[in-house]
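Some notes on the structure that comes next.
Any value given below was found using the heavy atoms of this structure, including those in side chains, with hydrogens, waters and symmetry copies removed. Lettering of chains follows the sequences in order, A, B, ..., and the numbering in each one begins at 1.
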Amino acid sequence: MAIAQAMCTTFKKELMEGVHNFKNSGGNDFKLALFAEGTGAKGSTTATLGAATTVLVTTGEVTTSGSYSTGGASLTRVDPSASGTTAITDFADLSFTTASITAMGALIYNSSASNKAVCVLDFTSNKTSTSGTFTIQFPTADASNAIIRIA
Amino acid sequence: MFELGISTVGSVNVMTSDKGGLTNEQIADLAVDKIVSISNEAPAHIRQQANQFREHLKNVLYHYLLLAKKEERGTIIQVLESNGHKEMAEYIRRL
């Protein structure tokens with residue numbers, strides 16, 4: 001699969017190096033960019049994203065449309081917290097409006113740290129908006145579902 | 001000896017629309033998904049009750065979403081009419 005959901009391996013290492021800061025106040029600027037497989041992407045190129053992804057790539061990113069522009073958009077951070085013995089962090093839902101987008105997945109990356117990759121999201125099928133809204137809803141922020149969990 | 005933990009990425013929910021914004025039903029679905037999560041490992045009767053609650057909650061949210069939009073539209077119409085934009089007010093009334 002060209003887009004495989006994963007926490008990027010370099011991100012795990014960089015966590016130990018103190019590269020990423022998810023705090024709501026004073027944290028880094030994390031962004032979400034959308035990617036497609038085959039048609040839908042720039043020049044019909046196919047994105048290859050997974051655990052081995054280290055930084056933001058442009059191959060396969062969806063084209064600018066409506067409120068979506070190349071590189072994606074900044075995420076609103078929610079302070080990291082603990083749920084039982086699991087550390088979690090969350091982001092506010094993100095919407096792109098009046099956009100014609102076809103995307104199979106997304107990359108969350110840290111634009112404050114040389115666009116280093118955080119994680120890859122696999123939508124499992126192409127999601128399409130036509131002159132409409134493309135909304136990404138993050139899961140409930142708990143130990144079983146949160147977008148980023150470290151147990 | 002250290003015990004290694006696990007790091008995991010959660011699954012997002014993607015909602016899209018054509019030629020306009022999300023529908024009231026889609027927004028109600030998004031809200032309910034954020035409020036209620038039902039474990040696959042819960043006993044069947046608990047899951048059944050939770051699903052019924054989920055449906056009820058969705059209906060309530062849907063009703064109040066409609067009401068909120070209607071009321072906001074009413075306020076916009078009133079502002080437009082009181083500023084002499086009767087044609088535009090009528091257009092919004094028909095949406």
For this session: Determine whether A/Leu107 and A/Val19 fall in the same hydrophobic cluster, where Ile, Leu, Val, Met, Phe, Trp and Tyr are linked whenever their side-chain heavy atoms lie under 4.5 Å apart.
Result: no
Problem set entry | Between OG1 on residue A/Thr133 and CE on residue B/Met15, distance to nearest 0.5 Å | 11.5 Å
For this session: State plainly whether one hydrophobic cluster holds both A/Phe11 and A/Phe138, where clusters connect Ile, Leu, Val, Met, Phe, Trp and Tyr through side-chain heavy atoms under 4.5 angstrom apart.
Result: yes
For this session: Give the cluster check for A/Met104 versus A/Leu56: same hydrophobic cluster or not, with ILVMFWY residues linked at side-chain heavy-atom distances below 4.5 Å.
Result: yes
Problem set entry | Nearest non-hydrogen partners of B/Val9 and A/Val120, listed with the distance | CG1-O, 4.3 Å
Problem set entry | Option that, when pairs with chain B are counted at under 4.5 Å, heavy atom only, ranks first among A/Ser144, A/Cys119, A/Ala87, A/Ser131 | A/Ser131
Exercise. What part of A/Thr97 lies closer than 4.5 angstrom to a heavy atom of chain B: side chain, backbone, both or neither?
Worked result: neither
For this session: Determine whether more than 12 heavy atoms belonging to other residues, nucleotides or ligands lie under 6.0 Å from atom CD of B/Glu81.
Result: yes
Exercise. So what's closer than 4.5 Å to chain B heavy atoms on A/Phe123: side chain, backbone, both or neither?
Worked result: side chain
For this session: Measure the spacing between NZ of A/Lys127 and CG of B/Asn13 and express it to the nearest 0.5 Å.
Result: 8.0 Å
Problem set entry | Shortest non-hydrogen separation from A/Leu121 to B/Gly10 and the atoms involved | CD2-O, 4.1 Å
Exercise. Any side-chain heavy-atom pair from A/Ile147 and B/Val12 closer than 4.5 angstrom?
Worked result: yes
Exercise. What's the spacing between A/Ile136 CD1 and B/Leu30 CG if we round to 0.5 Å?
Worked result: 11.0 Å
Exercise. Counting N and O atoms only, with roles assigned by atom type, does the side chain of A/Thr130 sit under 3.5 Å from a partner on the main chain of B/Asp18, one being a donor and the other an acceptor?
Worked result: no
Exercise. Rounded to the nearest 0.5 Å, how far does CD1 of A/Ile150 lie from OG1 of B/Thr8?
Worked result: 9.0 Å
Problem set entry | Inter-residue atom distance A/Ser129.OG - B/Leu22.CG, 0.5 Å rounding | 9.5 Å
For this session: For atom NZ of A/Lys12, decide whether the heavy atoms of other residues, nucleotides or ligands shown that lie under 6.0 angstrom number more than 12.
Result: yes
Exercise. Under 4.5 Å between side-chain heavy atoms, hopping through other hydrophobics if needed: is there a path connecting B/Ile35 to B/Phe53?
Worked result: yes
Exercise. Is the CD atom of A/Glu17 crowded by more than 12 outside heavy atoms at less than 6.0 Å?
Worked result: yes
Seminar exercise, completed: Whatever's closer than 4.5 Å to a heavy atom in chain A on B/Ser11 counts as both
For this session: Check whether B/Leu95 and B/Ile76 end up in the same hydrophobic cluster, where Ile, Leu, Val, Met, Phe, Trp and Tyr are linked by side-chain heavy atoms less than 4.5 Å apart.
Result: yes
